[in-house]
Each structure stands twice: as C-alpha cells, then as structure tokens.
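What follows is a short report on a single structure.
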Amino acid sequence: LYPVIHPAYQNTLVGEVIGFLDYFMKGFLNGGVYDKSFLENWHKSSNMDKEFLKSHLIDLQRYCREHLPNSEYISLREMMGREGLEGPEQDMSDNPGSIFKTRFTTSFRIISQVHEVYEQDGVFVIEPDFDVEYTVDLMPDYKEYIDNFQRENGSLPASYATLLSVYESMKDRIKTWMPKVPIFEEYFHKLGVISFCAYYLNTMKMAGRIPSFREASTVCSVVLPKVLPPVPVRYYIFHKINLTLKAFIQQCRIKEDTPTFQELKLDQILKEFAQQHIPEPS
C-alpha cells in the first residue's frame, strides 16, 4: 500500500497520525495489522513472503479478545459472511442483479472534530470526537439496476440493503471500539490534539489574530514510510458438508455412554461433531 499524504503534512507528526490511522482503520476493517515498529522498517526489505508477514501479524480477533473482553470483534468480510453476502452461493446465483456479481468499491474515512472546549484553572480542556463515513461506488450497470429496482418496487434490492446495513454496523464499531484498542489508542489521542489546534487557529484568524510562533528545534524527525505492507484479510472459509440428523443423533448416543455426558452442553457436542466432519482449512 502506498500512503498518499499532502505535501504540507509530509515528514510531520500530523502526517504520521493521518497515515497510520488510515492504515490501521483498513486493518480494523479487514482483521489484522502490524505494529508501528514493523511498519516503519518493512519498506527496507519489502518482504512479501506470506509466512514472514504472518509471523508479524497481529490478529485483531485474538488481540481484542485479550484486551477488550467485552467486545466481539469480527472483520467486515466476516460480517458479510454472517449475513449471507459471502459464501459458495456467490458462484451459483443466476440473478443478474445479485450482489455476488457486483463490482463496487468501498471507502471508509474518519472525520475528526472537537465536541467541546472549556477553560479550567487557566487551562484549555478539550473533548475531541470523530465521525466515521463510508462511500460505496457502484459500477454503472449495477447502479442502473438499483435505480430501476427502487423505482419499480419502492425499495432497495434485499442484498444491497443488507450490505448497507453491514456497513452501518461496521461504521459504528470503528467509532465505538477502535479507539479503545490499545495499539490504536495513542493515535486517536493525538488526533484529538491536532483537531483542537486546527479549531483554535481558525478561531484566532476569525478574530483577526495570527499566532506568532518562536522558532524551535525539531524534537524528532517524523517520516511516514513511502510504502506499507499489504493489509491481511480475515474471512470465513465455507465448506459444503453432508450433515444429517441421523449422524448427529448417533454422535449424541456415543457421548451418552461417557461419564460426563450430563455435563456436556449442546454447543460442545456440535463443536466436536463439526471437527470430525468439516475439513481443516489449507
């Protein structure tokens, strides 16, 4: 991935925060990220070996389970899978307007703002905030299909409406949970300070004042890498299995002969049954 930063923000703390937050949000959407140290040095080798990248990967589902026990993290692709928007049926749909045959691009973005500023004991106290927005850019043929469908039926196609619902849910998860993830938290704090400074300077300009800054030596040189490793994607692998009620009942009868059968829960039996009948992913 090649981060695009405005020339005014290159080699600045502002540029670093914007660049890394954008990259981390892509990781939050897709299921995994790398830590800052790895990102800062990866471009030196640009090693694309799958096992090498995997060895440095932070699996966000596992990471959030450890650091945010009250949250249930799943990636955008997994959310789509749960809603039936991904799976084997993609290749079997005969509907020309099916979401599975649709080409579209999606972008999410963070819009920073300041919720409140007040003075306390001669110090500005700020309460920064941010919104999350997304855009779905449709190919012309599918956009035409949606427009025609909505005009004739008064509603969106079910699959597209479900897709938008999934995006709304992910938008809420980015706003609610992402700032609480320890590896992202620092950047949201910095973003809040940057937003306050922007608001403050604009307010001074509106009052006819221009701040005069003394020249200061550079505390640290901030350089956002010109290239970043590809974002890993977490998604469900779907398997076709021959699951029959007879086979499941037989599994329960086998468990019934064990001393701990009464202590077993249905989900435990189902899990063991699935492990025996569903192949391991390659």
Side-chain angles (χ1 to χ4, degrees), residues 1 3-4 17-35 39 57-90 97-113 115 128-139 142-143 146 150 155-189 191-192 195 228-238:
L1 294 178
V4 179
V17 171
I18 293 174
F20 276 129
L21 260 184
D22 180 68
Y23 183 83
F24 287 146
M25 182 176 63
K26 288 182 173 67
F28 189 84
L29 287 166
N30 288 289
V33 293
Y34 305 96
D35 64 30
L39 295 176
L57 173 66
I58 298 175
D59 184 327
L60 284 178
Q61 188 174 86
R62 186 179 299 111
Y63 184 88
C64 289
R65 190 182 301 124
E66 295 173 357
H67 295 85
L68 297 172
N70 294 325
S71 68
E72 182 198 8
Y73 173 83
I74 59 173
S75 70
L76 179 60
R77 291 278 298 275
E78 288 172 317
M79 291 177 68
M80 293 174 67
R82 288 187 177 185
E83 295 298 328
L85 296 179
E86 286 200 350
E89 65 270 23
Q90 292 186 32
S98 170
I99 195 88
F100 303 130
K101 296 184 177 181
T102 302
R103 291 173 298 163
F104 58 87
T105 60
T106 306
S107 61
F108 283 77
R109 54 197 174 274
I110 292 173
I111 311 298
S112 181
Q113 59 183 324
H115 177 67
D129 196 7
F130 68 93
D131 289 326
V132 179
E133 298 180 357
Y134 67 87
T135 300
V136 182
D137 293 317
L138 305 175
M139 293 293 120
Y142 190 64
K143 186 178 187 307
I146 288 180
Q150 193 168 20
S155 62
L156 294 171
S159 59
Y160 185 65
T162 301
L163 179 72
L164 296 182
S165 176
V166 168
Y167 285 166
E168 284 291 326
S169 179
M170 179 53 76
K171 182 182 79 171
D172 294 338
R173 285 171 179 260
I174 293 174
K175 181 175 177 63
T176 304
W177 293 108
M178 189 177 171
K180 299 176 182 178
V181 179
I183 54 176
F184 307 144
E185 189 176 14
E186 170 191 353
Y187 290 92
F188 281 99
H189 288 318
L191 182 65
S195 297
L228 296 168
V231 175
V233 179
R234 184 183 181 93
Y235 56 93
Y236 290 125
I237 297 177
F238 295 86

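The closest side-chain heavy-atom distance from Cys64 to Val181 is below 4.5 Å. The shortest side-chain heavy-atom distance between Met25 and Met178 falls under the 4.5 Å cut-off. With contacts defined as side-chain heavy-atom distances shorter than 4.5 Å, the pair Met79/Glu83 does not qualify. Between Tyr34 and Pro229, some side-chain heavy-atom pair lies under the 4.5 Å cut-off.
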Check: Given the rule in the side-chain contact (heavy atoms from CB on, under 4.5 Å) test, do Thr135 and Thr106 qualify, once you have shown the distances and angles that lead to the verdict?
Finding: CA-CA 6 Å; Thr135 300; Thr106 306; over 6 Å; no
Note to self: I'd like to know whether Ile111 forms a side-chain contact (heavy atoms from CB on, under 4.5 Å) with Val132, so could you lay out the CA-CA distance, the side-chain angles of the two residues, the decisive distance to 0.1 Å, and finally the verdict.
What the structure shows: CA-CA 6 Å; Ile111 311 298; Val132 179; over 6 Å; no
Margin query: Leu29 vs Ile174, test: side-chain contact (heavy atoms from CB on, under 4.5 Å). Steps then yes/no.
Written below: CA-CA 8 Å; Leu29 287 166; Ile174 293 174; 3.8 Å; yes
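No side-chain donor-acceptor contact under 3.5 Å links Glu66 to the backbone of Tyr63. Of the possible polar contacts, none joining the Asp22 side chain to the Ile18 backbone as a donor-acceptor pair under 3.5 Å is found. In this structure, the side chain of Thr162 engages the main chain of Ala158 through a donor-acceptor pair within 3.5 Å. Listed for the Ser71 side chain is a donor-acceptor partner under 3.5 Å among the backbone atoms of Leu68.
Contact detail for Pro232 and Val33: the closest heavy-atom pair is CG-N, 4.4 Å. Residues Leu228 and Leu39 come closest through the heavy atom pair CD2-O, 4.0 Å. Ile74 and Gln61 get closest at one heavy-atom pair: CG2-NE2, 4.0 Å.
Arg82 has a carboxylate O that lies under 4.0 Å from a charged side-chain N of Glu72, or vice versa, which qualifies the two as a salt bridge. Taking 4.0 Å as the cut-off between side-chain N and carboxylate O, Arg65 and Asp59 do not count as a salt-bridged pair.
Considering only residues two or more places apart in sequence or on other chains, Lys180 meets the salt bridge (charged side-chain N to carboxylate O under 4.0 Å, His left out) condition with none of them. For Phe108, the ring pair (Phe, Tyr, Trp, His ring centres under 6.0 Å) partners at least two apart in sequence or on another chain are Tyr134, Tyr167. Partners of Tyr73 according to the ring pair (Phe, Tyr, Trp, His ring centres under 6.0 Å) rule, which considers only residues two or more places apart in sequence or in another chain, are Phe28. In this view, Gln150 and Leu156 satisfy the side chain to side chain contact (heavy atoms under 4.5 Å, CB included) rule, not counting sequence neighbours. Residues meeting the ring pair (Phe, Tyr, Trp, His ring centres under 6.0 Å) test with His115, sequence neighbours left out: none.
Identified under the salt bridge (charged side-chain N to carboxylate O under 4.0 Å, His left out) test for residues 156-167, with sequence neighbours left out: none.
Note that NZ of Lys175 and CD1 of Ile110 are 10.0 Å apart. Values are rounded to the nearest 0.5 Å. Here the straight-line distance linking atom CZ of Phe188 with atom OG of Ser112 works out to 9.5 Å at 0.5 Å rounding. Taken to the nearest 0.5 Å, the NZ atom of Lys26 stands 13.0 Å off from the CG atom of Leu76. Expressed to the nearest 0.5 Å, how far CD of Gln113 lies from CG of Asp131 amounts to 4.5 Å. Atom OH of Tyr142 sits about 14.0 Å away from atom CG of Asp137, to the nearest 0.5 Å. Remark: Ile183 CD1 to Leu60 CG distance equals 5.5 Å, nearest 0.5 Å.
Within 6.0 Å of CZ in Arg62 there are 12 or fewer heavy atoms belonging to other residues, nucleotides or ligands.
Taking the ring centroids of Phe24 and Tyr187, they lie under the 6.0 Å cut-off.
In this model, a donor atom of one side chain and an acceptor atom of the other lie less than 3.5 Å apart for Ser75 and Glu78.
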